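Since the structure comes first, as structure tokens, the remarks are kept for the end.
Every chain is numbered from 1 and lettered A, B, ... according to where its sequence line falls, protein lines coming before strand lines. In this text the structure is predicted, and so the values were computed from the model without any measurement.
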Amino acid sequence: MAKEKKVEQITDMEQDFAQWYTDICLKAELVEYSSVKGFTILRPYGYAIWEHIQRIMDGEFKKTGHENVAMPVLIPESLLKKEGELVQGFAPEVAWVTMGGGEKLEERLAFRPTSETMFCDHWSRVLHSWRELPMLYNQWCSVVRWEKTTRPFLRSREFWWQEGHTIHETAEEAQKETEQQLNCYADFCENVLAMPVVKGQKTEKEKFAGAEATYAIECMMKDHKALQSATSHYFGDKFSRAYGVTFAGRDNSLQYPFQTSWGSTTRLIGAVIMTHGDNNGLVLPPQIAPIQVIVVPVAQHKPGVLEGAQDLCDRLQKAGLRAKLDQSDNSLGWKCAQYEMKGVPLRVEIGPRDLENGQCVLVRRNDGEKTVVKLEEAETAARVQLEAVHAALYQKAKQNLEEHIYAAYSLEEAKQLQQEKGGFIKTMWCGDEACELQMKEQAGMSSRCMPLRQEHLSDVCPICGKPAKTMVYWGVAY
RNA sequence: CCGGGCUUAGCGAAGUUUGGUAUCGCGCCUGGUUUGGGACCAGGAGACCGUGGGUUCAAGUCCCGCAGCCCGGACCA
């Protein structure tokens with residue numbers, strides 16, 4: 001028995017977390033590797049998860065007045081080069097198109113690694129007056145960055161994302177937008193993905209190339225490594241100036257608008273896998289699960305069972321749940337294992353005995369808890385159980401996060417805590433990049449963020465002993 | 001990009017040392033019996049052995065190049 005199971009089995013996360021992750025990506029049929037390194041195929045089940053993320057997040061963006069647009073995938077080199085810092089930051093990982101129709105191009109074209117330049121170029125032509133501001137744009141697309149080491153969802157050479165780009169009349173307004181979108185991501189992670197986050201600002205070293213300030217949400221995975229799950233940048237008028245984006249102000253003077261950009265990617269799916277998954281496979285938060293309820297008939301050849309199961313499934317669908325009936329002739333055990341592996345949050349079992357008693361059995365994916373409910377109450381009961389799954393996932397993830405944040409008061413202590421416990425190590429910091437590099441060299445950790453919710457741990461930087469300015473969370477990141 | 005390992009059917013492997021035209025399990029297809037936690041029987045299909053060159057009468061096997069995957073390190077959503 002044990003031997004036959006081998007093929008479908010998923011490596012235990014305690015034994016090899018990286019392999020566990022890869023197993024889930026492949027065996028839950030989220031992705032397939034393509035023939036070009038670092039380019040992955042999102043399979044129907046994986047893409048459906050992304051579609052739910054898109055649908056819900058897009059709705060949130062629209063609530064605050066954002067509009068979707070589509071920008072070209074290719075950027076002329078001369079255009080990309082106009083903003084020095086951005087080019088420097090991205091140069092090592094830009095892919096270039098040098099030929100077109102068999103002829104060498106006059107100017108090479110970059111595959112967009114991000115679209116600030118295209119938005120600025122566009123705005124430089126269409127913006128005229130303060131009355132047209134703000135412009136609140138977003139686009140859903142894929143971008144290309146020539147990464148050296150690649151992993152599905154976490155780091156690939158092409159990835160799917162949304163990038164919001166906005167311009168505003170005043171700095172204050174743009175700063176407010178930056179903050180609003182950071183909060184939007186944090187709320188999305190908590191309310192939809194059941195992932196608690198740490199909101200914070202990136203250090204100078206870690207911030208986005210060309211930004212004046214970068215904010216991010218950091219999540220903690222089950223192996224206690226950190227994963228940056230979304231970012232929000234404030235640009236000031238730096239790009240406006242570089243690209244000549246101007247408008248006539250209220251006093252008729254020529255002004256530069258203030259700009260933001262913010263993004264989140266299919267990496268969120270990787271975050272979900274490593275936040276909620278277990279040794280039986282994927283565990284999906286109900287709101288983004290392609291199948292929320294799987295109806296499994298028991299002894300389906302017996303009279304009335306299949307009909308009863310179909311009936312129940314129809315009713316769940318009518319109630320607005322994404323329900324599916326599996327009437328294949330695979331065994332019950334196979335079906336249970338299969339949908340557990342695919343992370344379906346709720347399973348409903350219905351067999352001859354249930355039909356006799358006018359009931360069905362609801363089984364939660366996250367903890368295997370079974371609840372017997374009356375058939376006529378199935379819709380409500382399913383909804384209640386799905387909410388319970390979300391709440392339990394969030395609680396467990398929150399506990400994982402909170403239990404793995406440690407304060408350190410010396411470099412040695414920080415190093416030791418990281419080695420023994422992992423997670424986020426919080427210390428005070430003087431603000432010098434030299435100390436950041438020290439931490440990386442000595443303790444193997446990079447600064448994750450300066451949390452918006454600051455604490456005063458001590459007066460000095462534990463690395464150099466100089467007066468401390470802020471508290472920083474350090475960690476090993478994906 | 002640097003170091004190590006790997007690549008044989010959809011998946012997992014044997015065969016490579018000692019060259020002779022590919023084997024097994026799972027999965028898949030057909031029929032039947034089954035179904036309260038990965039069922040069973042019978043029959044069947046499926047592989048130019050990652051790719052390009054070389055050595056040889058003969059290459060999955062030996063030699064050289066390249067690509068891809070995995071694990072570390074340096075770089076980044």
Side-chain angles (χ1 to χ4, degrees), chain A residues 1-11 16-19 21-23 26-27 29 32-40 89-94 113-114 142-163 185 202 205-209 214 216-219 226-233 261-271 280-281 296-302 305-306 326-341 347 349-356 360-361 363 368 370 372 440-441 444 446 476-478:
Chain A
M1 184 80 74
K3 263 179 210 156
E4 284 82 354
K5 284 172 68 177
K6 195 177 166 191
V7 177
E8 299 288 16
Q9 251 179 1
I10 289 169
T11 307
D16 185 343
F17 196 82
Q19 189 59 50
Y21 177 81
T22 306
D23 283 351
L26 296 175
K27 287 174 181 163
E29 299 182 335
E32 202 213 353
Y33 291 109
S34 78
S35 45
V36 182
K37 177 183 164 69
F39 287 74
T40 45
F90 280 103
E93 49 185 48
V94 170
T114 177
S142 74
V143 289
V144 173
R145 297 180 188 178
W146 217 255
E147 300 286 352
K148 284 162 186 167
T149 55
T150 58
R151 302 190 64 191
F153 297 123
L154 301 177
R155 173 149 295 107
S156 44
R157 287 180 173 175
E158 179 186 27
F159 57 89
W160 292 269
W161 77 344
Q162 59 70 217
E163 46 179 328
Y185 288 136
K202 289 285 181 180
K205 181 175 177 296
E206 298 285 331
K207 80 175 189 190
F208 181 84
T214 290
I217 50 173
E218 296 283 333
C219 297
L227 186 71
Q228 179 179 310
S229 300
T231 50
S232 188
H233 314 290
S261 83
W262 25 277
S264 65
T265 78
T266 37
R267 175 183 270 189
L268 284 172
I269 298 174
N280 291 324
V296 178
V298 180
Q300 64 187 39
H301 65 289
K302 295 205 173 147
V305 172
L306 214 48
D326 184 348
Q327 50 180 309
S328 70
D329 60 1
N330 288 308
S331 69
L332 175 72
W334 187 90
K335 288 179 190 176
C336 293
Q338 179 67 11
Y339 294 104
E340 276 165 16
M341 191 171 71
R347 182 174 74 238
E349 299 176 354
I350 179 163
R353 282 210 307 267
D354 298 313
L355 284 162
E356 261 174 49
C360 60
V361 183
V363 188
K370 291 190 177 185
V372 179
K440 178 77 188 168
E441 252 173 62
S446 55
V476 177
Y478 271 98

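Checked by atom type, the side-chain pair A:E163/A:S261 shows no donor-acceptor distance below 3.5 Å.
Figure legend. B:rU18 is base-paired to no nucleotide; pairs are counted as Watson-Crick or G-U wobble with both atom distances under 3.5 Å. Under the Watson-Crick and G-U wobble criteria, each requiring two contacts below 3.5 Å, nucleotide B:rU30 is paired to B:rA42. Applying the Watson-Crick and G-U wobble criteria (two distances, each under 3.5 Å), B:rG68 pairs with B:rC6. For B:rC1, the paired base is B:rG73 (Watson-Crick or G-U wobble, both distances below 3.5 Å).
A:Q228 comes within 4.0 angstrom of the backbone, heavy atoms only, and of no base. At a threshold of 4.0 angstrom between heavy atoms, the contacts of A:E340 include nucleobase atoms, whether or not backbone atoms are also involved. Within the nucleic acid shown, A:V143 has no heavy atom closer than 4.0 Å to any nucleic acid atom. A:P92 comes within 4.0 angstrom of no nucleic acid atom, judged by non-hydrogen atoms across all strands. Within 4.0 Å of A:F153, counting heavy atoms only, lies at least one base atom of the nucleic acid. At the heavy-atom level, A:S446 lies nowhere under 4.0 Å from the strands shown. Residue contacts shown for A:L227 are absent, as no nucleic acid heavy atom lies under 4.0 Å away. Among the heavy atoms of the strands, none lies under 4.0 Å from A:T231. Using a 4.0 Å heavy-atom criterion, one finds that A:G263 contacts no nucleic acid atom at all.
Rounded to the nearest Å, the gap between the C1' atom of B:rC26 and that of B:rC40 is 15 Å. If you take atom C1' in B:rU23 and the same atom in B:rU30, they sit 25 Å apart, rounded to whole Å. A gap of 15 Å separates the C1' atoms of B:rA14 and B:rU7, to the nearest Å. Using atom C1' as the reference point in both B:rU34 and B:rG25, the two lie 23 Å apart (nearest Å). Taking atom P in both B:rG50 and B:rU17, one finds a spacing of 16 Å when rounded to whole Å. The gap from the P atom of B:rC69 to that of B:rG46 amounts to 30 Å, rounded to the nearest Å. With C1' as the reference atom, B:rG60 and B:rA13 are 14 Å apart, rounded to whole Å. For the C1' atoms, the distance linking B:rU55 with B:rG19 amounts to 12 Å, nearest Å.
Atom CD1 in A:I350 sits roughly 18 Å away from atom P in B:rU35 (whole-Å rounding). Distance, A:R145 CZ to B:rC75 C1': 13 Å, rounded to whole Å. If you take CZ of A:F90 and C1' of B:rC75, they are 13 Å apart, rounded to a whole angstrom. Computed from coordinates, the A:D329 CG to B:rG27 P distance equals 13 Å when rounded to whole Å. Summarising the geometry, the separation between CG on A:D326 and P on B:rG37 is reported as 16 Å, rounded to the nearest angstrom. Rounded to whole Å, the distance from CD on A:Q300 to P on B:rU35 is 11 Å. Protein atom NZ of A:K205 is 11 Å distant from nucleotide atom C1' of B:rA74, rounded to whole Å. The CD-C1' distance, from A:E93 to B:rA74, rounds to 14 Å in whole Å.
A:K335 places none of its side-chain heavy atoms less than 4.5 Å from the side chain of A:Q338. Put simply, the side chain of A:P297 does not reach to within 4.5 Å of the side chain of A:K302, judged on heavy atoms.
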Margin query: For a side chain to side chain contact (heavy atoms under 4.5 Å, CB included) check, start with the C-alpha distance between A:Y33 and A:L26, then their side-chain angles and the critical distance, and finish with the verdict.
Written below: CA-CA 9 Å; A:Y33 291 109; A:L26 296 175; 4.0 Å; yes

Notebook entry, point to check: Should A:V298 and A:V305 be marked as a side chain to side chain contact (heavy atoms under 4.5 Å, CB included) after you check the CA-CA gap, both sets of side-chain angles, and the distance that decides it?
Noted result: CA-CA 7 Å; A:V298 180; A:V305 172; 5.8 Å; no

Note to self: Under the criterion side-chain hydrogen bond (donor to acceptor under 3.5 Å, both in side chains), I'd like the reasoning laid out for A:T214 against A:E206: C-alpha separation, chi angles, the key distance, then a yes or no.
What the structure shows: CA-CA 8 Å; A:T214 290; A:E206 298 285 331; over 6 Å; no

Next item on the list: Output, in order, the C-alpha distance, side-chain angles, deciding distance and verdict of side chain to side chain contact (heavy atoms under 4.5 Å, CB included) for A:W161 and A:L268.
Entry: CA-CA 10 Å; A:W161 77 344; A:L268 284 172; over 6 Å; no

Item checked: CA sep, side-chain torsions, deciding dist, call: A:E32, A:T40, side chain to side chain contact (heavy atoms under 4.5 Å, CB included) -> CA-CA 6 Å; A:E32 202 213 353; A:T40 45; over 6 Å; no

Next item on the list: May I have the step-by-step check of side-chain hydrogen bond (donor to acceptor under 3.5 Å, both in side chains) for A:T11 and A:D16, ending in yes or no?
Entry: CA-CA 7 Å; A:T11 307; A:D16 185 343; over 6 Å; no

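Put simply, the side chain of A:D354 and the base of B:rG36 share a donor and an acceptor less than 3.5 Å apart.
More than 12 heavy atoms of other residues, nucleotides or ligands lie within 6.0 Å of NZ in A:K205, so this atom counts as buried by the packing criterion.
Between A:R145 and A:E158 no salt bridge is recorded (no basic side-chain N to carboxylate O distance below 4.0 Å). The pair A:R347-A:E349 meets the salt-bridge criterion, with a side-chain N (NZ, NE, NH1 or NH2) lying under 4.0 Å from an Asp/Glu carboxylate O.
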What does the list of N/O pairs under 3.5 Å between the protein and nucleotides 49-51 of chain B look like, with a distance for each?
none

List, with names and distances, any nitrogen or oxygen atoms from the protein found under 3.5 Å away from nitrogen or oxygen atoms belonging to nucleotides 66-73 of chain B.
| unit_1 | atom_1 | unit_2 | atom_2 | d |
| --- | --- | --- | --- | --- |
| B:rC69 | OP1 | A:G38 | N | 3.4 |
| B:rC70 | OP1 | A:Y33 | OH | 2.5 |

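In this structure, A:H301 packs face-to-face on the six-membered ring of B:rU35, meeting both the 5.5 Å centre cutoff and the 30° plane limit.
Nearest nucleotide to the A:E147 side chain, out of B:rU35, B:rG36, B:rC75: B:rC75.
A close approach under 4.0 Å does not occur between any side-chain nitrogen or oxygen of A:S331 and OP1 or OP2 of B:rU35.
Residue whose closest nucleotide on RNA chain B sits further toward the 5' end, between A:V298 and A:F208: A:V298. Two residues, A:G89 and A:S328, neighbour RNA chain B, and the one matched to the more 5' nucleotide by heavy-atom proximity is A:S328.
A:Y478 and A:F153 have their aromatic ring centers separated by at least 6.0 angstrom.
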